[in-house]
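Everything numeric in this text was worked out from a predicted model, so none of it was measured.
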Amino acid sequence: MTQTLSGRPADGLDGLDGLDGRSAAARRRRYTAELAGALPPSEPFEAWRASGGELAPDFARLPARTGLWSPVEGLPAGAAGAAAWPARRTVRRARWRRWLTGTTPPAPRRTPVRVTGVTTAGGVEVRDLVVGDGWSVRARLLLPVPAAGVRRDVPVYLLQSSHGPWAEAALARGWGACLVSAADGDDDTEAVERAFPSLVAGRLAWRAWALSRVLDALTDAPGVDARRVLVGGHSRNGKTALLAAATDDRFAGVVSSSSGVLGAVPARLCTDRHFGEGVELLTRYYPGWYHPGLRWFAGREHRLPTDSHELLALAAPRPVFVSVAVADPVERVPAARAAVDAAREAFTLLGRGDALELALRPGGHRADESAVAAQLDWAQSVLGGPPRRRVPAPVVPAPLVWPADRVRPGPRPVRGAELRGAVRVALGRAGRPVVPVPRAAEQGLQTADGVPVTVLRPPDGGDGRGLVLWLGPPCAATGWQAGYEQAEPLPAQLAAAGWSVACADPVGSGPRYGEQPGRGSSPLGRMTADAGAVAAVAAAATGHDRVWLAAYGTGALVALHVLALGAGPGEVPVAGAVLVAPSCGEPLLRTRPDYTVADLLTAAADRPTVVFDPAWDPETPAGALAAACRAAGVPRVPLVDWHRLSGATRLAVLDWLDEHGPRPAPV
């Protein structure tokens, strides 16, 4: 499940003290200087640093893990492992406080609560509560009014105050609901934080703490079944709900709806290199959500000592419902699935492997009425109601990731026909997909297999100075259009610079989300075949007889395979290629390759080609790409940056194509 890079670290870090002679403090100062030069400006982060914030962590002492690990690794199986879980859980909770959330106060021995008002209308009793002593959090408890002479305790859905419609849906099912003033625009935790000036914690941790204090108040509340209090939330509230359940064993279960990175989606599997939310964007756009020091992990998410799958595991064995929308740019379905699969090992150890559920829903980030109904259907089934009928997920072949040791030159070169044959073995047949390509809503350009092709034109609407095929990372929700950007999208920049730009959604992304490569094929095989077909369609539409490749991350690996296979019958020759960080830790291959990136690069050496190589890259051992470029005779441009497509790198791509491509037609 996990890919731990061996040998010299992949992110340009030196080894431990005995390897480089530096002290831990010296290394931390070095990392601080490196990151301070690469991180985009963030005023709250700079203010924290100026007020005495810590240096960057000593990354060399933190394991480099690009994939997920078992939250129960090292524990014995069976009853002995289950008995050891509470101690493991304590350690994992401490890691979340240390690296991500900061420290909130311990639970008080007694939490006072005052009922400040009671009203009844429409069969619902509303109690206004004020919880706390020396600090206060408001809450509104809504309970269905029982029939005369009947005393009935009901389960309660505990929510932040922005989830009024969710509370109404719970009441319609005969549940109670409790809305807590710990949400954007209605947040009592800002004042609570001021009551504890010695503690530093992110806003979401304070809100989770407030939810637990309201749970204190519900424990003895008349009409409430305190053993069946479910906590839930959507987006940032979903992150908060998971934190609450992870740190308080009294919640009966938790609903996480579109909770994104460091909710149900691991930070190391949804980063800049996936055009995902990422630590850098998360901590710049929402600097108060987590402990300020989390920002140091931008670009080094793989060094985080914990991640979302352990957050999910901390709720075990209580029921957890993870709802993800397939077209939500905040998340990556493959990352959420990996987190659930890894976390389930803790649930299985505790005898509740079926208590953790991943539910995929159509559409984008919004949770509509049907999504809320699905939550409550699940909740009723796991908290004592009738069981639901669950549809098993389809079983698809598990592709292999590109191996970290297949970048540098191998023991012998693989060239020509031998290379093409080895590539075909690793990629498999293009074949028919398991799920067909969905029909486009409007007829337009498309390949013979029905893959829609978008051609971005220059501002004058003509065919441009040349044709560029854009190959980027497959953004699970949005296809070729990045869900998150730090600058204007590169395809749009290329079109503005006078190029025609061909784009298409990679297999398994965007509208092609449900599509899986057929038997004997692989995602990389499908992407490589599609790239040639898309280029041919775009060339016919624009009148160009050659194509330039502009590629990043996964797309750069696709571009290298296009170059290695060469143009087949009906395909368009490649004029040149600009490749940014051509490496990928995604599962793409049918079988382990008998060739290296160095071998692939030799196929590009006879035409203008350049490789932009970031200084720290979690997917590639340090120096490996430089060695591959030297062996192939391909120019390499080092970047003082992490594995991302920053605004500066986009401009460098534009400048290189401007220098090596055809000149613009005279005006």
Trp96 and its side chain to side chain donor-acceptor pair (under 3.5 Å) partner, picked from Thr247, Thr101, Thr306: Thr306
Ring centres under 6.0 angstrom apart (Tyr552, His643): yes
Arg318 and Asp248 ion-paired at < 4.0 Å: no
Backbone N/O of Pro399 and side chain of Arg590: donor-acceptor pair under 3.5 Å: no
Check: His302 ring centre within less than 6.0 Å of Trp69 ring centre: no
Cation-pi geometry met for Arg300 and Trp642 (6.0 Å, 45°): no
Pair Glu619 + Arg406: basic N to acidic O under 4.0 Å: no
SB check Arg250 Asp216 (cutoff 4.0 Å): yes
Residue Arg89 excluded, over 12 heavy atoms near CZ under 6.0 Å: yes
Residues Asp341, Arg337: salt bridge by 4.0 Å N-O rule: no
Short side-chain to backbone donor-acceptor contact, Asp307 and Arg268, under 3.5 Å: yes
Neighbour count >12 (heavy atoms, 6.0 Å) for atom CZ, Arg227: no
Check: Gln481 main-chain N/O paired with Thr478 side-chain donor or acceptor under 3.5 Å: yes
